[in-house]
Every structure is written in structure tokens, then in C-alpha cells.
There are 2 protein chains.
Amino acid sequence: MNTYPDNGMAEIAAPASALLIGRGVAADLIAVLVAVTSGEPRVLTIADQRALPSGPFQLAHRSLQSGLRAWVERQTRLPLGYIEQLYTFADRDRGGGEQPVISISYLGLTREQRASGEYEASWRSWYLYFPWEDHRLGAPALIADEFLPRLRAWSDAAGDQFLRQNRWQRAIITFGFEDRPWNEELVLQRYELLYEAGLITEATRGEQQGAFSNAMPNAGQAMVLDHRRILATGIARLRAKIKYHPVVFELMPETFTLLQLQRCVEALAGRLVHKQNFRRLIEQQELVEETGETSQDTGGRPAKLFRFRRDILAERAVAGTKLPISRA
Amino acid sequence: MNTYPDNGMAEIAAPASALLIGRGVAADLIAVLVAVTSGEPRVLTIADQRALPSGPFQLAHRSLQSGLRAWVERQTRLPLGYIEQLYTFADRDRGGGEQPVISISYLGLTREQRASGEYEASWRSWYLYFPWEDHRLGAPALIADEFLPRLRAWSDAAGDQFLRQNRWQRAIITFGFEDRPWNEELVLQRYELLYEAGLITEATRGEQQGAFSNAMPNAGQAMVLDHRRILATGIARLRAKIKYHPVVFELMPETFTLLQLQRCVEALAGRLVHKQNFRRLIEQQELVEETGETSQDTGGRPAKLFRFRRDILAERAVAGTKLPISRA
DNA sequence: GGCCTTATACTCCAGATGAGTATTATCAAG
DNA sequence: CTTGATAATACTCATCTGGAGTATAAGGCC
């Protein structure tokens, strides 16, 4: 998201000897398109689920944002409910030649997901790429069994004492070791930590063939270039956003029960929320209104159906709202 | 920041007839550099205070971020404590020719401000550009006396009823009319509203010479291109950020009193905070430690001097903190 | 009817927040 | 050396908010 001193890795290095090129870089758009179906948060992927959809910026478009929108809608035939810019970075390894590539990444939310791509596009659960991020059924064993010892070892391997302590402290905070609470928003920080520790497949790509590698094949599906990092950025942004902005509704069907809404939020946040408190907050904020209908297929008592009050959007989009996901 | 449907204006339009240019755009960096001195939040400007510093992206740099950092430090000889990307947009009116320009804007915080530019750089209070954003001495008369009637008239002038209501509702929320609370974070939304209503000088630039204009010369100093909009984005981002991230300290001298810290926060937020509660929050978060010294030149009882606990930064940079500025 | 499942209505408590009051320590002016 | 002005600093208090739990209602299914 944003770096303190300069967290590195965000943007790929170019040799310091390269000359100044004032004019003439290529610009790419990269999209993190999200939908939630059957209780899973899904992201649109291409290239055998190993890449995010992307394409060159075309001047024909009014703006970057509308360019992205038009391009996605043409490719997928999905209406995009919400678009937000994520991050821009420069990457010289792309293009193949001397010309650097500037990549502008976007987060987009959509309701449906008839894939319908021109290439083999498919929607995949984002936990395929980040299995350690799903805490709905408790903390995944992967974290305590695999990450904990390896991050510990990596920390201890640091030369100077300050670095050692710094590494371990980041591990503690991001993964909630030593009884710290889990903070679902730190998706990017966790990914970066694992990357630096060499546990992520992508981190060891540039290295020699026979080199020893710490990379864990079971630490999530790898992606092309830094696409997994961009996905992490998108997930983090969305997890933060749903807490104070009514964007969840862009992912919901026209009418829904409160439990469906809750399941959607839980899928995104990767953690469960207290049902009664969730309803209290939703209702007292007047974000939804009853349709008058009820849904029978709940498995229990029929639930009232609600619809998002679009009329309140102008107000709340700017003034903010809340969702009950513990930050502590 | 981010747009709902597509708030327009964010990125300048290019004619729909323009052809696709896959390769070859120019990339510019634009910086919002902020410092706080004598109780005023200041921004570095060039070109007779009518522009933000900017320059072409040079491939010689490791990354966009380090490029920005190196370039600013060379130009101003100021160390940048904190850098954060703001927004990227495409602008075809720039470059003069067919080549579109991609502008990547950054927010940077620095401690001192010996201008020292190569061109005539100077630090200006950002309230010079946004006089309506300073509520430290109460709401500026400008808002009730000038904006209120004009925004009212602009709303009423809308053709259909929905648009009329939408305009006025945005005015109410962003400016706190009709007894709504003032929300200091809505800097960008306010600027966009004034821009759409034609009250901002920049909004009427492209128009005919003799055309009638609503633009108010007293509604803040105008800037080149969309620099004022970028500045608004930076202010909004910073105002939001100081509430949950310990970035204020990047703007403070090595040691400071709690009142100095408070004044700095107030300068940025454009509103006053409750002194006792401010201190309570700062101290219970253990963000600062006493130096043991006291400052005599307070005008009253001497105040303890504090220093920011840099050692806590690694933890808090990621875990977050709080500052007491009412959101309600 | 008994039991499972989910919806929905309330209650409780602890900590955070907003807004005071009271007291203490300096300096400067008379 | 007393009086004011200005701040620092210590407490108090009522309210809000958020997390968690209990109780009851309304369906399906056996």
C-alpha cells in the first residue's frame, strides 16, 4: 500500500546505469476483478489461473478509469459496479527490451461471473493464492506448522541484532504470533514478509538453477511476474474498504438475506463476525430496506429479504459507514 | 481518491477518435511536499506558487518511489521522511502533441523547509489554495456567505429533479450545511463540487474568452493544469492518515512539547482538538517518551519535551495508532 | 410432537470518547 | 511581591460503541 522508509520490492529494480528516458514508456492496465459466489471470494484470472487480466492502455479511452472499465466489460461482458485504482509501479523486466513498463493496477467489483473470456479466463477463489488468509474456520495449520518455524529461522539467520529483532517483530505482528490478534488487513505485509523470507515461489525466480531454495510449494498458487503481489494489494484494500464504505453491495444480488450479506463479508474478510452485532449495525445504519418478501431456503426459519438502498449511496459513499469486523 | 460511478474530472478527456497507442507514453512525477512551520501546513510550490514541482520519470531510478525521492532531494536538498503514492492519471492536454502523459502523483512529508530550489521554489500555506478548509477559528465566512448561496443556485439550476437533489445533497454533506457536522477529510469532494459548480477558476479555463463565468477569484489561489486537484488529494490523504498512522512525527523536530505536536495536528486537520484528550491518547499509546528536558518558552508553565519513539515505528507503522479528531 | 436450523429481539458489560473542572507552574507587568 | 495571563497537567463524568451472550420465534423434517 504505502511504504515506510522504502520497503523495497514494490517496484522492480532497474540497473542504475540505465540512461534517462524522458519520453516513451509503455503503460499497462492490470485488473483485480472480484466477485463472491457460493461463499467464496473469487478473482478473475487468465493463463491457466496464473495471471491477472491485463492489457495496454489505449488512448482511445476518456481516462484510465474508463479505459479499464471498457476493456474489462468488452473482455468479460460483466458490468463493473465499482472501480478503484490500486497502485502504479514501474517494471523494467517486462517489455523485453529497453523500454520500461508502467503498470497501473485497479480493483474492480462485479456481481456475476459468467466467465466468457476471449482467452481462458476463470474465476478462482483468492484463497487458492493465499491459503493462509482464510481464518473463517480458525487459523490455518499452515501458519503455525510451517510459517512459524521458518520465519523464526529466517529471523535468527539475520546478521545484526537489530535486523533480527525487526524481522521477528514483523512476523509477530503480521501473523499474530505470541498471542497477538490476527489482523486481516495486513495481507500485503504478510506477503512481503514471506517473499523476503524466500518462502514464496516468485521470490526465487531470478536465481540460479541449482540454487538452494526455501520456497514452499504449498504456500499458495504462484502467479506470473508480480501479479500475486498486486492481488494481495487488492485484497488488502478491499478488506479495509468494506469496513467504512458500502461496497459489499456491489457484490450482492439484487435482493438478499442478512445472512447472505454476512457470509459475503466474512468471505472477503476471511473471518467470522458476530451475527447479532452484524445485523444491529446493518439495520441501524439504514443501508438496507425490506422487500417484503422472505426466503424459505434458509434451512431454518424463513428470512426477510432486503435490498440495498441505492438512494442512500450518494450520501454514504462520501460520509462513510461501518461494518463490524474487529480491528483490535 | 476513488470514484463511485465515475465521478469524472479525475482524468482529463481525450477525444474518442484518437487512435490506440500501445507503446510510448510519457510519464511524469508530481509531488505534494508538505511541511509544517509556525503553525501552518505548507506545500512546496514552483512557478510563482502556481504549480507543484514535477519532472519526467527517469529510468535511471530503481523505482518510481526512489526516483521521486532522489529527484526531490536533489532539487530541494530536503530529506523526505515519508512518501506515499497518491494517484495516477492520464492527461492528453499536456505534452502538447499526440503523446499522452501519465502523471503519477506522490505525497511526501519533510521536517524542514530551506527552500533552496533551482527554480523559484517556495513553501506556501495550503490554505492559500483552500481557504475554506481552515476551520481552526471556526468555519470561514466564505462558506456561508459565498458558497452556500451559489451552490444552492447551482443545484436549483439543474434540469431534472434527481440531479437537483443530488447536487444539493452533496453540498450539504461536504460543506456541513443544514447543521451537518464538518468532515475535514472531504477535501477532494469539496473541491470537485466547487469545480463542477464552476466556482473554481480552473474550471472555466477551457471556455471561450467572453463567456460568462461563475468562477470566484477569492475562492483560493488557482494553479496550473490540475495541480490544485492533486493538492486536494494530498491534503485529504494526509488528513485521513494522521488518524491511524504515526506520520505526524515526520513533520516534527527531534524534540517537541505536546502542545507543539497538537498544533501540528490541528494545522493539518484544519480544526482544533480537545487538549486533555489529545494528551491522553498520545501518552497511552506510548508513541512518545520524555527527554527529561523542559521547554521554557511556552508562555506559561514549562512543558516537558518529548521525542518520538522510533523503535515503536516498525510495530505501529503496520498495526496502526489513533489521533483524536472527531469523525462524526 | 420432538428436534434441528436459522431468524430475530434483548440484555450486559467494558473500554473508548467527548467534554468538562481543578490545580500547578512560569513569566511579565504593576 | 502580588496580580494576571498563559499553559501544563491531573482527574472526573456521562455517553457511546463494540463485543459477547441469552431468550424466543418460526420454519423444515422425522
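Quantities reported herein were computed from a predicted structural model and do not represent experimental measurements. First the proteins, then the strands, lettered A, B, ... as listed; each starts at 1.
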How long is the line joining CG of B:Leu261 and C1' of D:dA7, in whole Å? 16 Å
Whole angstrom value for the distance that separates C1' of D:dG19 from CG of A:Leu281: 12 Å
Can you tell me the distance, in whole Å, between the CZ atom of B:Arg279 and the P atom of C:dG20? 18 Å
Once base and sugar-phosphate atoms are separated, protein heavy atoms under 4.0 Å mark nucleotides 21-30 of chain C, 5' to 3', with B, S and - as B--BBBS---
So for A:Asn277 and D:dG19, does any side-chain atom that can act as donor or acceptor lie under 3.5 Å from a complementary atom in the base? yes
Taking only N and O in the side chain of A:Lys275, is any of them less than 4.0 Å away from OP1 or OP2 of C:dA7? yes
In this structure, how many angstroms lie between the C1' atom of C:dA7 and the CZ atom of A:Phe256, rounded? 16 Å
Please determine whether a side-chain nitrogen of the Lys or Arg among A:Glu266 and A:Arg271 lies less than 4.0 Å from a carboxylate oxygen of the Asp or Glu. no
Atom pair distance, as rounded to whole Å: CD1 in B:Ile282 and C1' in D:dA8: 16 Å
Residues 300-308 of chain B side chain polar contacts: donor-acceptor under 3.5 Å, at least two apart:
residue: B:Lys304; atom: NZ; partner: B:Glu290; partner atom: OE2; Å: 3.3
residue: B:Arg307; atom: NH1; partner: B:Glu289; partner atom: OE2; Å: 3.2

Could you give the CG-to-P distance, from A:Leu305 to C:dT6, as a whole number of Å? 17 Å
Between B:Lys304 and B:Arg280, who's closer to the 5' end of DNA chain D by nearest nucleotide? B:Lys304
Sorted by position of nearest nucleotide on DNA chain C, 5' first, the leading residue of B:Gln284 and A:Leu259 is A:Leu259
Quick check against the 3.5 Å criterion: does A:Arg279 have a side-chain atom that pairs as donor or acceptor with the backbone of A:Leu258? no
Distance, rounded to the nearest Å, where B:Glu266 contributes CD and D:dA7 contributes C1': 14 Å
Please say whether the positively charged group of B:Arg190, taken as NZ for Lys or CZ for Arg, lies over the ring of B:Trp182, i.e. under 6.0 angstrom from the six-membered ring centre and within 45 degrees of the axis. yes
Send over the distance from A:Gln260 CD to C:dT6 P, rounded to a whole Å. 13 Å
Would you say the side-chain atoms of B:Glu133 and B:His135 include a donor-acceptor pair closer than 3.5 Å? no
Do the ring planes of A:Trp132 and A:Phe130 sit parallel (below 30°), tilted (30 to 60°) or perpendicular (above 60°)? perpendicular
Cation-aromatic face contact A:Arg152/A:Trp168, 6.0 Å, 45 degrees: yes
